[in-house]
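For the numbers below, each heavy atom of this structure counts, side chains included, while hydrogens, waters and symmetry mates do not. All chains are named by letter (A, B, ...) in the order of the sequence lines, taking the proteins before the strands, and each is independently numbered beginning at 1. Quick caveat, the model's predicted, so the values are computed rather than measured.
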2 protein chains.
Amino acid sequence: MLTFTSVLVLNMLESLHSYLGNFVQLTDADIQMINKIFVYRKIKKNELIAEDGKVCNRLLFVNNGYVRFFHFDDNGTEITSDFYFAPTFVTTYTSFLTGLPSHVNVQAMCNMEALELSKNDLNELYEKYPKFERVGRLIAESVAIHSEEHLFMLLNQPAGVRYRKLLEKYPLYINTIPLQYIASYLGITQETLSRIRKSKA
Amino acid sequence: MLTFTSVLVLNMLESLHSYLGNFVQLTDADIQMINKIFVYRKIKKNELIAEDGKVCNRLLFVNNGYVRFFHFDDNGTEITSDFYFAPTFVTTYTSFLTGLPSHVNVQAMCNMEALELSKNDLNELYEKYPKFERVGRLIAESVAIHSEEHLFMLLNQPAGVRYRKLLEKYPLYINTIPLQYIASYLGITQETLSRIRKSKA
DNA sequence: AAAAACCTTTGATAAATATCAAAAAATCAG
DNA sequence: CTGATTTTTTGATATTTATCAAAGGTTTTT
């Protein structure tokens with residue numbers, strides 16, 4: 001008998017297979033194994049997936065919505081440093097990889113569904129299925145490219161230009177993300193972003 | 001008979017082995033193979049290792065000195081976006097990985113020695129020696145972490161704070177790198193950086 | 001539907017940083 | 001060593017952006 005939840009899980013798993021399929025070809029055995037080690041999770045809007053000060057040992061595959069990375073600077077001002085949009089893997093990269101406490105919080109911006117893998121299970125996966133080293137490498141590479149793009153946007157362009165480039169890059173999302181979060185991602189205050197938006201209207 | 005050059009090459013290779021040894025344990029066979037596929041190169045100060053507009057198909061291991069990444073913004077102003085310090089691998093990451101033309105130039109800041117690997121040889125390496133997928137993954141991960149750190153430094157801190165953090169992080173190098181290059185890395189003009197330096201003296 | 005909480009805009013002013021031009025200092029090449 | 005080139009500093013001013021405070025909007029909760 002298929003319960004309602006199990007249908008959701010199957011959908012999620014299919015989505016994960018298809019995502020991984022972008023990186024390597026999956027055999028039936030691979031798929032069996034994936035289905036076994038990932039755990040289905042529901043995540044509520046605003047829930048913290050990872051927290052500043054804690055070591056992050058989880059890797060999540062999220063299928064819908066998006067997450068926000070943020071921290072507080074020396075003055076206690078909240079800074080949004082990143083967004084990741086589904087379908088994607090999410091973790092506090094630096095903490096997950098180094099085993100050191102995270103400097104950032106990761107927050108679900110919508111009610112989301114996810115498949116979770118622990119760091120231990122991932123490492124076992126790497127040992128037993130070398131194919132997944134490649135997946136890990138390709139994903140790490142895409143994370144590196146993602147960061148570099150954000151970096152390039154911040155360097156030496158006036159705030160208005162940065163905002164327009166962001167709009168071009170994520171046309172679907174930028175108008176739905178609260179402005180205050182986008183502002184610090186662009187390295188400006190929300191008041192300045194509000195004025196920039198107005199001036200282009 | 002050992003020529004002068006061959007001694008240099010042997011030193012470079014040893015340095016490469018030791019660098020790779022941080023990521024995986026190398027067997028004698030691995031070492032033989034590495035010695036065969038990497039090519040020794042001399043690079044002159046100011047030489048461009050990779051160029052804006054061209055696809056970058058080279059991966060270099062450099063053993064001494066450092067390189068600078070730069071490009072020109074919409075106003076024609078030169079922007080330094082990154083530094084990598086030896087010992088390290090160097091490539092225009094995004095172009096090397098995607099096969100698209102690079103948006104940046106990579107410039108040797110000193111006379112340097114390097115060991116070069118082509119993209120084709122690297123891909124063969126990945127196919128034949130899955131162990132190196134792990135090396136690739138770990139290096140990609142460290143690149144991602146490196147970018148993220150630069151990003152964090154730029155976000156929402158006054159320029160003086162950014163400069164001091166940079167000094168703390170690279171105490172050996174910052175005072176030897178021309179100020180004009182550091183300025184744009186920090187997202188400010190050289191005049192502003194000059195004044196910041198003066199105010200801390 | 002009203003209250004509460006949250007998010008965005010507006011205005012006045014202050015602070016940080018950029019720009020432009022030129023002088024001083026350091027480095028390089030012959 | 002010395003003139004040429006490059007890099008850094010300085011000064012005056014303009015521009016951009018931040019800050020603070022308050023008012024409008026929106027959304028969520030009860």
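Atom pair Asn46(B):CG and dT7(D):P shows a separation of 9 Å (rounding to whole Å applied). The nearest whole Å value for the distance from the CD atom in Gln180(B) to the P atom in dA25(C) is 19 Å. The CD atom of Gln157(A) sits 15 Å away from the P atom of dT16(D) (whole-angstrom rounding). The distance from atom CD of Gln190(B) to atom C1' of dA23(C) is 14 Å, rounded to the nearest whole Å. Between Tyr181(B) atom OH and dT27(C) atom C1' there is a gap of 13 Å when expressed in whole angstrom units. We find that CG of Asp74(A) is positioned 17 Å from C1' of dA18(D), with the value rounded to whole Å. Rounded to whole Å, atom C1' of dT16(D) lies 19 Å from atom OH of Tyr163(A). The separation between Leu154(B) atom CG and dA16(C) atom C1' is 16 Å, rounded to whole Å.
Considering only side-chain atoms of Arg195(B), the nucleotide from dT10(C), dT19(C), dT8(D) that sits closest is dT19(C). Set against dT8(C), dT17(D), dT8(D), the side chain of Leu179(B) has dT8(D) as its closest nucleotide. Between dT28(D), dT17(C), dT8(C), one nucleotide has an atom nearer to the side chain of Lys45(A) than all others, and that is dT28(D). Distance from the side chain of Pro178(A) is smallest for dC7(C) among the nucleotides dT17(C), dC7(C), dT8(D). Of the candidates dA21(C), dT17(D), dT7(D), dT17(D) carries the atom nearest the Ile188(A) side chain, counting heavy atoms from C-beta on. Nearest to the side-chain atoms of Glu191(A) among the listed nucleotides dT19(D), dC7(C), dT17(C) stands dT19(D).
OP1 and OP2 of dT17(D) both lie 4.0 Å or more from every side-chain N or O belonging to Thr189(A). For Lys198(B), a side-chain nitrogen or oxygen approaches OP1 or OP2 of dT10(D) to under 4.0 Å. Dashed line: the shortest gap from a side-chain N or O of Ser194(A) to OP1 or OP2 of dT8(C) is not under 4.0 Å.
Nearest heavy-atom pair across Phe69(B) and Val104(B) is CD2-CG2, 4.0 Å.
Remark: the Tyr163(A) side chain and the Arg197(A) side chain contain an N/O donor-acceptor pair separated by less than 3.5 Å.
The aromatic ring centroids of Phe83(B) and Tyr173(B) lie 6.0 Å or more from each other.
Using cut-offs of 30° and 60° for the angle between ring planes, the Tyr19(B) and Phe61(B) rings count as tilted.
At a threshold of 4.0 Å, the pair Arg195(B)-Glu191(B) does not count as salt-bridged, since none of the basic side-chain nitrogens sits closer than that to a carboxylate oxygen.
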